[in-house]
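Some notes on the structure that comes next.
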Amino acid sequence: MIDGSTSGTALTQLKIAQAYVRLSSIPDDDPAASVSVTMVASCEIRMMRGPKVDLGGVPLFWLELFDLSANLSLDSCCCHRIEDAAPVFESFVAQALPR
């Protein structure tokens, strides 16, 4: 698990940025475009394209916590910047870990 340190946050941001690059390479006309960011227990953290970005601050992408065993979305959040997505990602990791 990410430890909340500066290096841990940087690694999380790098993982999110890599997923964004993969997502960006999917054609714009593919409405089901999503990429896996990571797997945690029986869950997958996915990134999906949001609506087109405009000057009004429309989300750049969405992160989703998806339970593969239940085939159910557990949580999602819109993100405007990679830096904003890091705490969301870490929260999803914590939610996915068995208690």
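The figures here come from the full heavy-atom set of this structure, side chains too, leaving out hydrogens, waters and symmetry mates. Keep in mind that what you see is a predicted model, and the values were worked out from it rather than measured.
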So V35 and I26, side-chain contact (heavy atoms from CB on, under 4.5 Å) or not? Walk me through it.
CA-CA 9 Å; V35 296; I26 298 172; 3.9 Å; yes

Assess whether side-chain contact (heavy atoms from CB on, under 4.5 Å) is satisfied between M47 and W62, documenting all intermediate values.
CA-CA 6 Å; M47 180 182 289; W62 284 81; over 6 Å; no

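F92 and C77 make their closest contact through CZ-N, 4.2 Å (heavy atoms, listed as atom of the first residue, atom of the second, distance). Residues A19 and V37 come closest through the heavy atom pair CB-CG2, 3.8 Å. Closest approach of L63 and V88 over heavy atoms only: CD1-CG1, 4.0 Å.
For S36, the side-chain hydrogen bond (donor to acceptor under 3.5 Å, both in side chains) test picks out E44, with sequence neighbours left out. The side-chain contact (heavy atoms from CB on, under 4.5 Å) search around Q13 returns T9, I82, E83, A86, not counting sequence neighbours. By the side-chain contact (heavy atoms from CB on, under 4.5 Å) test, D67 pairs with S42, C43, S69, A70, L74, sequence neighbours left out. Residues meeting the side-chain hydrogen bond (donor to acceptor under 3.5 Å, both in side chains) test with S25, sequence neighbours left out: none. Among residues two or more places apart in sequence or in another chain, the side-chain hydrogen bond (donor to acceptor under 3.5 Å, both in side chains) test is passed with R22 by none. Scanning for side-chain hydrogen bond (donor to acceptor under 3.5 Å, both in side chains) contacts around S73 gives E64, with sequence neighbours left out. Taking D75 as the reference, nothing meets the salt bridge (Lys or Arg N to Asp or Glu O under 4.0 Å) condition, with sequence neighbours excluded.
Other cluster members for L14: none, since no ILVMFWY side-chain heavy atom sits under 4.5 Å from it. Within the hydrophobic cluster formed by Ile, Leu, Val, Met, Phe, Trp and Tyr side chains joined at under 4.5 Å, directly or through other members, F66 is accompanied by M39, L68.
To the nearest 0.5 angstrom, R49 atom CZ is 10.0 Å from S34 atom OG. Atom CD1 in I16 sits 10.5 Å away from atom OG1 in T38 (nearest 0.5 Å). In this structure, CG on L60 lies 8.5 Å from SG on C79, to the nearest 0.5 angstrom. Considering CE of M48 and CZ of F61, their distance stands at 10.5 Å, rounded to 0.5 Å.
Taking hydrophobic clusters as Ile, Leu, Val, Met, Phe, Trp and Tyr residues chained together by side-chain heavy-atom distances below 4.5 Å, I45 does not share a cluster with V21.
Without hydrogens or angle criteria, T12 side chain to G8 main chain gives a donor-acceptor distance under 3.5 Å.
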